[in-house]
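Order of the sequence lines sets the chain letters (A, B, ...), proteins ahead of strands, with each chain counted from 1.
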Protein chains: 2
Amino acid sequence: MAEPHELREKGLRLTPQRELVLAAVRDLGHATPEEVAEKVRLTHPGINLSTVYRNLETLENVGLVQHTHLGHGGATYHAAEELTHLHLVCSKCGSVGDAPIEAAANFVQSLADDYGFKTDVSHFAIYGLCENCQLPL
Amino acid sequence: MAEPHELREKGLRLTPQRELVLAAVRDLGHATPEEVAEKVRLTHPGINLSTVYRNLETLENVGLVQHTHLGHGGATYHAAEELTHLHLVCSKCGSVGDAPIEAAANFVQSLADDYGFKTDVSHFAIYGLCENCQLPL
DNA sequence: AGACTAATTGCGATGAATTCGCAGTTGCAC
DNA sequence: GTGCAACTGCGAATTCATCGCAATTAGTCT
Ligand SMILES: [Mn+2]
Ligand SMILES: [Mn+2]
Ligand SMILES: [Zn+2]
Ligand SMILES: [Zn+2]
């Protein structure tokens with residue numbers, strides 16, 4: 001009675017590529033599909049970029065990973081269990097700071113109360129200037 | 001002593017294309033570069049898409065327009081003077097609602113106090129579910 | 001274990017969005 | 001009016017993501 005693998009539990013086939021993509025997302029914290037592919041290639045050099053894209057989508061469909069938008073370009077991926085923070089992205093230096101999601105609790109609540117809008121604060125980054133970049137030069 | 005045109009005041013050359021791009025952004029409210037080009041072509045059919053891109057960038061550099069990210073894809077442009085609202089984007093139906101920027105004032109203040117982060121709440125949309133899409137089906 | 005079937009993969013082609021290089025044109029300072 | 005740098009049109013190039021398809025493979029059922 002071996003425990004079923006977490007991917008099997010979600011109804012997904014267990015392929016080395018899929019496991020490696022999930023492991024890479026978990027290891028990397030935030031990662032673009034390119035970065036995930038690079039990481040996976042350390043142990044599985046032949047993996048194709050489209051396989052990475054397809055697995056990220058599949059893993060997102062079953063709730064194991066999620067994407068966010070940290071910058072002007074493409075998405076970055078997180079392990080779902082780790083997506084419990086806000087991203088504070090600096091428009092000048094590009095740094096990505098974290099803040100607990102509770103920092104937005106009142107804001108989220110007031111959007112719900114006043115506009116009936118149920119906010120997902122993690123999907124887009126919070127954009128602005130980090131502390132360093134506000135300093136006079 | 002004619003008043004200098006607003007574009008000249010910013011140190012920009014006054015070309016028909018540039019004026020039309022700015023006018024289109026102002027007329028359209030939110031617009032993608034494609035949409036701006038379409039609008040401009042109503043009166044200036046020959047305008048090239050790369051000219052639109054270049055002018056949007058130039059106009060943004062002098063502060064007359066600004067871009068925001070409303071969805072997973074590319075940017076949309078606003079006249080700068082009009083960018084005084086939040087965008088509430090529904091992940092399900094795609095609707096874009098507005099909310100006054102003051103709705104985020106407390107949130108912005110607390111990010112400044114607690115993290116030294118100076119937030120630009122309009123650059124990314126606020127993502128979530130609109131009132132309609134929360135209704136049970 | 002062996003066979004079957006549908007899901008998954010690799011790969012190259014394709015598509016969409018944006019940027020670039022350059023030759024020709026044009027705004028504007030003189 | 002002249003001259004020059006800024007700007008434009010145009011086609012090519014980039015970048016990022018998706019697609020089609022034939023070959024492979026995971027999981028199921030004898
Ligand atoms: Mn942006
Ligand atoms: Mn998204
Ligand atoms: Zn910074
Ligand atoms: Zn909706």
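At D/dG9, one or more side-chain N or O atoms of B/Gln17 fall inside 4.0 Å of OP1 or OP2 (strictly under the cut-off). Of the side-chain N and O atoms in B/Arg54, none sit less than 4.0 angstrom from OP1 or OP2 of C/dT19.
In this structure, B/Glu38 atom CD and C/dA17 atom C1' are separated by 15 Å, rounded to whole Å. In this structure, A/Leu22 atom CG and C/dT8 atom P are separated by 14 Å, rounded to whole Å. Rounding to whole angstrom units, NE2 of residue A/His44 and P of C/dT8 are separated by 15 Å. The interatomic distance linking B/His5 (NE2) with C/dG27 (C1') rounds to 13 Å, in whole Å. Summarising the geometry, the separation between CD on B/Glu57 and C1' on D/dA6 is reported as 14 Å, rounded to the nearest angstrom. Put simply, CG on B/Leu56 is 14 Å from P on D/dC7, counting in whole angstrom units. The CD1-P distance, from B/Ile47 to C/dT26, rounds to 14 Å in whole Å.
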Can you give one letter per nucleotide of nucleotides 12-17 of chain D, 5' to 3': B if a protein heavy atom sits under 4.0 Å from the base, S if only from the sugar-phosphate, - if neither? ----SS
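Ring pair B/His67/B/His78: centre-to-centre distance not below 6.0 Å. Residues A/His72 and A/Tyr127 place their aromatic rings such that the two centres sit under 6.0 Å apart.
Between A/Glu57 and A/Asn61, the side chains place no donor N or O within less than 3.5 Å of an acceptor N or O (distance only, hydrogens not considered). Between the side chains of A/His30 and A/Glu35, not a single donor N or O lies within less than 3.5 Å of an accepting N or O. For the residue pair A/His5/A/Glu19, the side-chain donor-acceptor check at 3.5 Å is satisfied.
Using a 4.0 Å heavy-atom distance criterion, B/His72 is classed as making no nucleic acid contact. Nucleic acid contact for A/Thr58: none, since no nucleic acid atom lies under 4.0 Å from a heavy atom of the residue.
Annotation: of the two residues near DNA chain C, A/Arg18 and B/Asn48, the 5′-most nearest-nucleotide partner is A/Arg18.
When A/Leu14, A/Thr15, A/Val21 are each tested for a side-chain contact (heavy atoms from CB on, under 4.5 Å) with A/Arg18, only one passes: A/Thr15. Each of B/Asn55, B/Thr51, B/Ile47 was evaluated against B/Val40; a single residue qualifies, B/Ile47, per the side-chain contact (heavy atoms from CB on, under 4.5 Å) test.
Heavy-atom distances under 4.0 Å link DNA chain C to A/Arg13, A/Thr15 of residues 6-15 of chain A, given in residue order.
For B/Thr51, the side-chain atoms get nearest to D/dG9 when compared with the rest of D/dT18, D/dG9, D/dC7.
The side chain to side chain donor-acceptor pair (under 3.5 Å) check on A/Glu102 picks up nothing, with sequence neighbours excluded.
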